[in-house]
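Heads up: the structure comes next, in structure tokens.
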Amino acid sequence: MGVNHATSGAAVWFAATAALPSFGTHAYPLHAAGVLSGAVVCAGAALLPDADHHSGTISHSIPVVGKLVARSIADASGGHRHGFHTILAGALVTLLAVLVGRFTIGVPVLGTIPIGPAVATIGLIAFAVKARELVGSWAAAWGIGIVSAAAVVVFAPDNPTWFPIAVGLGFLTHIAGDLLTVEGVPSPTWPVQVTPPKAWARTPGLRAIWKRNGYISVPLLGHAGSWRETLLGAGLGLYCVYAVVIVVARAAHVSLTALG
């Protein structure tokens, strides 16, 4: 579900960048502003694969246009949970984010600002806050997106790789989440869809992991929207709260050693 995709995207970003005292990876440490701005971008990017769904968060983002975009992506990729839910799609979206990240302009006083990531951030953050139901209307969501984009202009990390990393990580986190459901995702080799041998397809248990149509699944969460998914989403939400507290306290030079 959209809310849990957004939450998982933010959680993965925090784990990678926040240098948390517990439950972190220290894989790509950033300063506080980079951690927080990247988290909402990654959360928004974690909704992108569902742009192929007529009822997804993105399809409702702009009247008429949102549904047209969703329908176009669905038609081009073969429908929901087809081509736009693949590693190939993730690679192409990340490449697009690299190109967007190269758009900069020089502004007096502020210097060179990342205008490409700022504009893209408007949509990604609007998707994230609406999916989390932090606001009641799309107008408010777009407003928060614009304000957040301004913050990205001022506080974004100097390293230009942060934006494509956040987008790519969010996109792949969505696919990983869908992999944990009964419905599964297309084969990693898509557009070549490899199907299992007949003996595998007839074996209970195995056929739930590698399906007759070539989809793969590790169905730990059951069907999308199950109580197990809800429980996982709640846990990831608490993890995000923990990360925000640590990051903000560290930026404010407040000691929270007890939480370490």
Side-chain angles (χ1 to χ4, degrees), residues 2 5-6 9-10 12-14 16-17 28 30-53 56-73 76-77 84 89-132 134-135 137-174:
H5 281 308
V12 168
W13 181 259
F14 282 131
T17 66
Y28 185 61
L30 295 172
H31 57 69
V35 172
L36 296 176
S37 59
V40 286
V41 169
C42 197
L47 297 169
L48 287 177
D50 276 349
D52 63 7
H53 196 299
T57 301
I58 291 175
S59 72
H60 297 292
S61 59
I62 305 175
V64 182
V65 175
K67 289 188 178 294
L68 287 176
V69 170
R71 184 176 301 170
S72 298
I73 293 175
S77 62
F84 212 55
L92 293 175
V93 167
T94 302
L95 177 60
L96 179 61
V98 171
L99 297 177
V100 169
R102 292 181 178 273
F103 284 94
T104 60
I105 60 173
V107 177
V109 180
L110 293 177
T112 301
I113 63 172
I115 189 65
V119 171
T121 293
I122 295 174
L124 292 174
I125 291 181
F127 302 153
V129 298
K130 194 65 174 69
R132 281 298 311 172
L134 299 178
V135 295
S137 69
W138 273 107
W142 285 109
I144 292 174
I146 292 171
V147 172
S148 300
V152 166
V153 167
V154 177
F155 299 113
D158 294 330
N159 187 341
T161 61
W162 77 272
F163 182 72
I165 289 176
V167 171
L169 199 57
F171 198 99
L172 293 177
T173 297
H174 180 116

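Since the structure is predicted, the reported quantities are computational estimates derived from the model, not experimental observations. The first residue in the sequence is number 1, and the count goes up from there.
- Taking every heavy atom of both residues into account, A166 and A45 meet most closely at O-CB, 4.0 Å.
- V12 pairs by the side-chain contact (heavy atoms from CB on, under 4.5 Å) definition with L169, T173, not counting sequence neighbours.
- Between I165 and W13 there is a side-chain heavy-atom pair separated by less than 4.5 Å.
- Nearest heavy-atom pair, H174 versus L47, reported as atom, atom and distance to 0.1 Å: ND1-CA, 4.3 Å.
- Looking only at side-chain heavy atoms (C-beta outward), W162 and V41 come within less than 4.5 Å of each other.
- Shown here are the side-chain contact (heavy atoms from CB on, under 4.5 Å) partners of V93, two or more places apart in sequence or in another chain: L48, F84, V167, F171.
- G9 and C42 make their closest contact through O-SG, 3.2 Å (heavy atoms, listed as atom of the first residue, atom of the second, distance).
- Minimum heavy-atom separation, A97 to P164: CB-CA, 3.7 Å.
- The nearest pair of heavy atoms linking V100 to A120 is CG1-CB, 4.2 Å.
- Every residue two or more places apart in sequence or in another chain that forms a side-chain contact (heavy atoms from CB on, under 4.5 Å) with L172 is listed here: I175.
- Counting only heavy atoms from C-beta outward, the side chains of L36 and F14 approach each other to under 4.5 Å.
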